[in-house]
Amino acid sequence: MPHWLAVTVENSVESLNRVFHLLRRRHLPVDAISMCRTEDPQELRLLIPVDPARVDPQRVRANLEKLLCVKAVEDWGERPLVVRDMALVKVRASAEAWVEIAQLAEFYRARIVDVGPETLIVEVTGSAEKVDSCIARLQRFGVVEVTRSGPMAMVRGQAEAAPADRVAEAAA
Amino acid sequence: METATMAQTQVSPRILRRERRRMKTAWAVMEALVREGVEVIFGVPGGASLPLYDALCDYPQIRHVLVRHEQCAVHMAEGYARATGKPGVCLTTSGPGATNLVTGLTDAMMDSTPVVAITGQVPTFFMGGDAFQEADVIGITMSVTKHNWLVRKPAQAPEAVHMAFRLATDGRPGPTLVDLPRDVLLTEADFAFEDPEAFRPSTPRRPFPDERALRQAADLIAQSQRPILYVGGGAIHSGAAPEIRALAEKARIPVTTTLMGLGAFPEDHPYALKMLGMHGTVYANFAINFSDLIIAVGARFDDRVTGKLSAFAPHAKVIHIDIDPAEINKNRRADVALIGDAKEILRALLPLVRPPDTEAWWRQIEDWKARYPLRYRQGDDVIKPQFAIQMIYELTKDDRPIVTLDVGQHQMWAAQFFTWTEPRTCITSGGLGTMGFSLPAAVGAQFGRPDRLVININGDGSFQMTFQALITAVEWRLPIKVFIINNQYLGMVRQWQELFYNRRYSAVYLANPDFARMAEAVGAAGIRVERPEQVEPAIRQALAITDRPVVVDILVDPEENCFPMIPSGMTVFDMMIAPGVKAVP
Ligand SMILES: Cc1cc2nc3c(=O)[nH]c(=O)nc-3n(C[C@H](O)[C@H](O)[C@H](O)COP(=O)(O)OP(=O)(O)OC[C@H]3O[C@@H](n4cnc5c(N)ncnc54)[C@H](O)[C@@H]3O)c2cc1C
Ligand SMILES: Cc1ncc(C[n+]2csc(CCOP(=O)(O)OP(=O)(O)O)c2C)c(N)n1
Ligand SMILES: [Mg+2]
């Protein structure tokens, strides 16, 4: 089970640069970072699953909190989450294969969102395992390319939104 | 006590009235610097920073010290900061001027030294296009500053400068950088000047350690039998020397300091074990490794202190006091972590502390102290480097000098053979180990503390890395005393080749110039010393010269080694006191 950190940063190339630069420089073993927009266009949320067996999540957090572009680091720990991944899968598809692909899509509650002369694009959403499995099943037809969002997540049933973690100390 | 109050008056915020004025950005930058109380800037001008230098003409209250290499400027800023506690300021042009700062900024980052670097940048409309003298200074210095700012609009300039000063000193100190494109500097705008303290970067909410954690710490102390205080550079930044002493005395706990912590506890105190670590005293290393409780105050369990981490102080619980939460559990797991300013935490902790019974522990420590004092043998012929250093100490101690040390054997001998008693008097490059640090740092320290005697103990190799700083010192008639412990070797590296590479000396011999004549050539005084009996008169002669810098070139035993030594990555059981001789607990 990963230990999730939800990091709210300024929405800019520079702030992403700073976050990734720090993670690399400190050799903090995190990968699979996903980047999400939020209700606020000025900010982005980075979801970082940390494996506690490899690094203390509090160290990752403490380091990230040193960056001025990081507005808040929420420690989701192992709280119950809704986690969703999404993929667009372009499949080579002759007219004969359409029905079969449509049935497969139906099974995964996926949708066909583009029909080209030789290809279809399938949009699938769900847990990472479900998306993996759908892509695996589509391989048989010939997958041309895949793009994936990576996991997006939210804490279940929490009424208040992400707390503002930083304070500007009042001048004494 | 005296130093603590001094530091407070020095950093007191200057509350200035708000005002609004129209001017070019370069002038607004100067206004911001004045509001920060900047009295001296170290730098070299160039195309991109010309507007700032033009503005400087209108601000005679800020002295500009022209250096001969930007690395000197940043080390001077570091020396100034370490001597005073106030951020040091350096100023360079774009491209090569800025990239020459990288070593010093890295040094400041490693040693938590507050430095503000201001760099010129090519005009915004050229940026990203490989313009003449363009360098991606923000990208290049991202890893070696706490934060850096590229100013794209005039209004952001004073704010960036004020934020750079706040961040350099807030929390764990460190370097910051403001990059100023030339076109922005030349643009006229309306500037609103606020109280500098109004610009404060937001910080994560961190509550002061709660009563429970403090009680836990006090209980660990009361229950311990073999406690030790392990004091680092953070204690100096914090001004926590009086509280450390109070804790040591209340609970009868021995105190060892890191290289960066030298001066945070008086070494003439009976509880002092002097420096620990690779070249620390035998008794300090035994004490920490056999302890059952380590109270770490602003120290970061560096590998030069712990050696092989998994074997370090295996029976000890740890109370870790540090202002930076990222230090907790970084190298050594803490049983109780107290995050915050060392002085404040110790003040809260002190009333809760109950003295443990340390009778037996002290008997053990006294035994180690008696068996393994620091020692060397001075004969009649060659000067032993330790002897030279001890003489420098003896002849200057009454003046309470500020001492800068370079990197190598001489640094370790000085750490060992000086008796450090006062914070901010030992200024050296610890974390990065930057050869060439100490001479410019001495210049910076003298600017910060014109009232104090400033001594530089240098190596013949290190001196040649930033010799140019001497020219600046001559220009300003700084009475700095430079002592070169000249062993004609990159001695520390030679020692490793002798001990661990079968004496195969590779690229460590230094074909040196005559340093005394070099000094004379630039207008400093130069003295060369070759025999033991010349050491004392030469030091006295140097101390008598007060109108310019003086360089004393002391030729010492070329193949003297620095002991004790715990070889890199080894344990206290591998601690050598002479080649092939190990200390036994
Ligand atoms: C040739 C050579 C040999 C060396 N040999 C030795 C040796 O034998 N022994 C040795 O000790 N070192 C040695 N060093 C130095 C070593 O590399 C480290 O620089 C040093 O040990 C680190 O000191 P420190 O732990 O005090 O940490 P520092 O680098 O001084 O860090 C300060 C710590 O205090 C914290 N802090 C800052 N401000 C506050 C505050 N207000 N309140 C609380 N905490 C605060 C910071 O977050 C940080 O964790 C050697 C260096 C060289 C170049
Ligand atoms: C800039 C830099 N380059 C290389 C080193 C590696 N190094 C560490 S100590 C040392 C020798 C220093 O020689 P010297 O200044 O003569 O001092 P000594 O050890 O002889 O006292 C060297 C080369 C370093 N620390 N810094
Ligand atoms: Mg040498």
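These figures come from a predicted structure and were not determined experimentally. So you know, we letter chains A, B, ... as the sequences are listed, proteins then strands, and number each from 1.
- Nearest heavy-atom pair, B:P201 versus A:L68, reported as atom, atom and distance to 0.1 Å: CB-CD2, 3.8 Å.
- Closest approach of B:G139 to A:H21, counting heavy atoms only: O-CE1, 4.4 Å.
- The shortest heavy-atom contact between A:A62 and B:P325 is CB-C, 3.8 Å.
- Surrounding CZ of A:R25 are more than 12 heavy atoms belonging to other residues, nucleotides or ligands, all under 6.0 Å away.
- Between the CG atom of A:N63 and the CD atom of B:E327 there is a distance of 8.5 Å, given to the nearest 0.5 Å.
- Within a 6.0 Å radius of CZ in A:R137, no more than 12 heavy atoms belonging to other residues, nucleotides or ligands are found.
- No more than 12 heavy atoms of other residues, nucleotides or ligands lie within 6.0 Å of CZ in A:F107, so this atom counts as exposed by the packing criterion.
- In terms of heavy atoms, A:R59 sits closest to B:I328 at CG-O, 4.1 Å.
- For the atom pair CG (A:D56) and NZ (B:K330), the distance works out to 13.5 Å, reported to the nearest 0.5 Å.
- Residue A:R111 places its CZ atom among 12 or fewer non-hydrogen atoms of other residues, nucleotides or ligands, all under 6.0 Å distant.
- Closest heavy-atom contact between B:I138 and A:R18: CG2-NH2, 4.0 Å.
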I would like to know whether B:M142 and A:N17 meet side chain to side chain contact (heavy atoms under 4.5 Å, CB included); could you show each step before the answer? CA-CA 10 Å; B:M142 201 172 273; A:N17 183 198; 3.5 Å; yes

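- Other residues, nucleotides and ligands contribute over 12 non-hydrogen atoms within 6.0 Å of the CD atom of A:E123.
- Atom CE of A:M152 has 12 or fewer neighbouring heavy atoms from other residues, nucleotides or ligands inside a 6.0 Å radius.
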